[in-house]
Colleague: 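Sharing a structure below in structure tokens format, with a few things to ask.
Numbering of residues begins at 1 and proceeds along the displayed sequence.
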Amino acid sequence: MSSNRRDLVRRQFDLTWSLLDLHLTELVAEDFLWEPTQHCWTMRQDTGGTWVADFAESEPHPIPVPTIGWVTWHLGWWWTAALDHARGRKPRGHDEIPWPGVGEATIDWVRGLRAEWIAVLDQLSDEDLDSTASFPWPEEAGRTVADTVAWVNAELMKNTAEIGQLRVLRAATSHSTTDAP
């Protein structure tokens, strides 16, 4: 087995992706905008039909529970911004990343982001991983591309857990207790 750092972070990414893909495969349309509580962040269509995320520059207290739709938008936002940075482009803001909507369009979007990220990862050398990165931190933070790759893996793990928990919770609450064996 290879011992270079790129292969290590790639294996970590692949493991996390396998868990996310399990949940993506099981999602149904009703999962995306299901609100487990009244205090939620979700996606809403504006008058022109564009999906808009509930969002605040600083997290409110208490933090709203996100819907799967919101989590998939959030995942797409930070991942698109990370890809922009990795390709030398100015990372786009949260309001510049459109959410495709309920269902397969969003699942395909997330899977497409995975393919783009793998292309970036597969081109990295150890020297590249040691180079300075200014995303998602300020330039003066002294972080590296390896830090960014590790951050992407951590964000993906967190969002995978959120999607999985919301999916399982919705499925459990949609069945009555009389359905149990």
Side-chain angles (χ1 to χ4, degrees), residues 1-21 23-24 39-44 46 50-100 106 109-166:
M1 184 177 287
S2 174
S3 62
N4 75 41
R5 291 179 297 146
R6 182 197 65 207
D7 290 347
L8 175 64
V9 294
R10 174 64 194 274
R11 286 191 304 271
Q12 183 186 47
F13 171 81
D14 288 343
L15 173 63
T16 302
W17 176 261
S18 69
L19 298 171
L20 178 57
D21 198 48
H23 294 303
L24 293 176
H39 187 61
C40 279
W41 268 355
T42 192
M43 304 301 295
R44 303 176 199 285
D46 66 15
T50 300
W51 288 99
V52 179
D54 293 335
F55 187 80
E57 288 298 329
S58 58
E59 282 189 352
H61 182 75
I63 297 170
V65 176
T67 63
I68 288 174
W70 192 93
V71 174
T72 57
W73 163 79
H74 179 258
L75 187 159
W77 163 38
W78 65 254
W79 213 349
T80 299
L83 283 161
D84 286 345
H85 179 76
R87 292 186 172 129
R89 298 186 301 240
K90 180 183 177 208
R92 287 171 267 178
H94 74 276
D95 57 343
E96 299 173 280
I97 310 295
W99 186 63
T106 290
W109 178 49
V110 171
R111 287 180 172 148
L113 291 168
R114 171 193 177 258
E116 290 182 59
W117 187 247
I118 287 172
V120 167
L121 287 179
D122 287 350
Q123 293 177 5
L124 295 175
S125 65
D126 277 353
E127 185 176 278
D128 294 328
L129 289 169
D130 291 334
S131 64
T132 303
S134 59
F135 182 82
W137 308 277
E139 203 159 324
E140 65 275 3
R143 299 296 182 107
T144 65
V145 170
D147 290 316
T148 299
V149 170
W151 172 81
V152 166
N153 284 349
E155 272 294 317
L156 189 64
M157 286 179 219
K158 177 185 78 72
N159 290 156
T160 296
E162 290 169 333
I163 290 168
Q165 188 64 43
L166 287 164

Colleague: Taking the basic N atoms (NZ, or NE/NH1/NH2) and the acidic carboxylate oxygens, is any pair closer than 4.0 Å for R111 and D21?
Modeller: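 A salt bridge is present here (some side-chain N lies under 4.0 Å from a carboxylate O).
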Colleague: Please find the pair of heavy atoms, one from P64 and one from C40, that lie closest to each other, and give the distance.
Modeller: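 Minimum heavy-atom separation between P64 and C40: CB-C, 3.9 Å.
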Colleague: Determine whether E57 and H94 make a side-chain contact, defined as any pair of heavy atoms from C-beta on separated by less than 4.5 Å.
Modeller: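 A side-chain contact under 4.5 Å exists here.
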Colleague: Is the shortest side-chain heavy-atom distance between L124 and V145 below 4.5 Å?
Modeller: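 Of all side-chain heavy-atom pairs linking V145 with L124, at least one is under 4.5 Å.
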Colleague: Using 0.5 Å steps for rounding, measure from the NZ atom of K158 to the CG atom of N153.
Modeller: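 So the gap between those two atoms works out to 14.0 Å.
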Colleague: Can any side-chain N or O of S18 pair as donor or acceptor with the backbone N or O of L15 at less than 3.5 Å?
Modeller: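 Side chain of S18 to backbone of L15, a donor-acceptor pair under 3.5 Å: yes, one is there.
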Colleague: Listed by chain and number, what are the side-chain hydrogen bond (donor to acceptor under 3.5 Å, both in side chains) partners of E116, not counting sequence neighbours?
Modeller: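 For E116, the residues satisfying side-chain hydrogen bond (donor to acceptor under 3.5 Å, both in side chains) (neighbours in sequence not counted) are R87.
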Colleague: Identify whether the distance between the nearest side-chain nitrogen and carboxylate oxygen of R10 and D14 falls below 4.0 Å.
Modeller: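 Salt bridge: yes.
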Colleague: A side-chain contact here means heavy atoms from C-beta on lying under 4.5 Å apart; do D7 and R11 qualify?
Modeller: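 A side-chain contact exists here, since the closest heavy-atom pair is under 4.5 Å.
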Colleague: Working to the nearest 0.5 Å, report the span between CG of L166 and CD1 of I68.
Modeller: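 With rounding to 0.5 Å, CG (L166) is 5.0 Å from CD1 (I68).
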Colleague: Considering non-hydrogen atoms only, spot the tightest contact between A133 and T148 and give its length.
Modeller: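 Nearest pair, atom of A133 first, then T148: CB-OG1, 3.5 Å.
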Colleague: Assess whether side-chain contact (heavy atoms from CB on, under 4.5 Å) is satisfied between T72 and H74, documenting all intermediate values.
Modeller: CA-CA 5 Å; T72 57; H74 179 258; over 6 Å; no
Colleague: Less than 4.0 Å between a side-chain N and a carboxylate O, is that true for D128 and R6?
Modeller: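 Here R6 does not pair with D128 in a salt bridge, since their nearest N and O are not under 4.0 Å apart.
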Colleague: Which heavy-atom pair separates R114 from W79 by the least distance, and what is that distance?
Modeller: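 Shortest heavy-atom separation between R114 and W79 comes out as CA-CH2, 3.6 Å.
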Colleague: Just wondering, do D147 and W151 contact through their side chains at under 4.5 Å, heavy atoms?
Modeller: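 No, side chains not in contact.
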Colleague: Rounded to the nearest 0.5 Å, what separation is found between the CG atom of L83 and the CH2 atom of W78?
Modeller: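 Answer for the CG-CH2 pair, L83 versus W78, is 9.0 Å.
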Colleague: Starting at OG1 of T106, measure out to CG of L75 and round the result to the nearest 0.5 Å.
Modeller: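 The distance works out to 10.5 Å.
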Colleague: Under 3.5 Å, is there a donor on one side chain and an acceptor on the other for W41 and T67?
Modeller: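 Side chains of W41 and T67: no pair found under 3.5 Å.
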Colleague: Can you name the closest pair of heavy atoms from L20 and T160 and give their distance?
Modeller: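 Answer, listing the atom of L20 first, then T160: CB-OG1, 3.3 Å.
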Colleague: Mind running side-chain contact (heavy atoms from CB on, under 4.5 Å) on E140 and S134 for me, showing each step along the way?
Modeller: CA-CA 8 Å; E140 65 275 3; S134 59; over 6 Å; no
Colleague: Minimum heavy-atom separation for W109 to P100, with atom names?
Modeller: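 Here W109 and P100 meet closest at CE3-CD, 3.3 Å.
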Colleague: Run D126 and L129 through side-chain contact (heavy atoms from CB on, under 4.5 Å) and show every step you take.
Modeller: CA-CA 5 Å; D126 277 353; L129 289 169; 3.8 Å; yes
Colleague: Would you please name every residue forming a side-chain hydrogen bond (donor to acceptor under 3.5 Å, both in side chains) with D84, sequence neighbours left out?
Modeller: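 Only R89, R92 meet the side-chain hydrogen bond (donor to acceptor under 3.5 Å, both in side chains) criterion with D84.
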Colleague: With a 4.5 Å limit on heavy-atom distance, are the side chains of V52 and M43 in contact?
Modeller: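 Contact flag for V52/M43 side chains = no.
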Colleague: Establish, yes or no, whether a centroid distance under 6.0 Å links the rings of W99 and W70.
Modeller: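 When the ring centroids of W99 and W70 are compared, they turn out to be at least 6.0 Å apart.
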Colleague: Side-chain contact test, heavy atoms from C-beta onward, threshold under 4.5 Å: evaluate it for Q12 versus L156 and give yes or no.
Modeller: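 Counting from C-beta outward, Q12 and L156 never come under 4.5 Å.
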Colleague: Mind checking whether W17 and F13 have parallel, tilted or perpendicular rings, split at 30° and 60°?
Modeller: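 Judged by the thresholds at 30° and 60°, the geometry between W17 and F13 is parallel.
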Colleague: Under 3.5 Å, side chain of H39 to main-chain N/O of P62, donor-acceptor pair present?
Modeller: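 Yes, the answer is positive, given that a donor and an acceptor are paired below the 3.5 Å cut-off.
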Colleague: Side chains of W51 and D46: do they bring a donor and an acceptor to under 3.5 Å?
Modeller: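 No, D46 and W51 have no side-chain donor paired with an acceptor closer than 3.5 Å.
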Colleague: With side-chain contact (heavy atoms from CB on, under 4.5 Å) as the test, would you mind laying out the steps for T144 and T132 before giving the verdict?
Modeller: CA-CA 4 Å; T144 65; T132 303; over 6 Å; no
Colleague: Under 30°, 30 to 60°, or over 60°: which ring-plane class applies to F55 and W73, parallel, tilted or perpendicular?
Modeller: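 If you compare the ring of F55 with that of W73, the planes turn out perpendicular.
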Colleague: For the residue pair V152 and A82, what are the closest heavy atoms and their distance?
Modeller: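 The pair with the smallest heavy-atom distance is CG2-CB, 4.0 Å.
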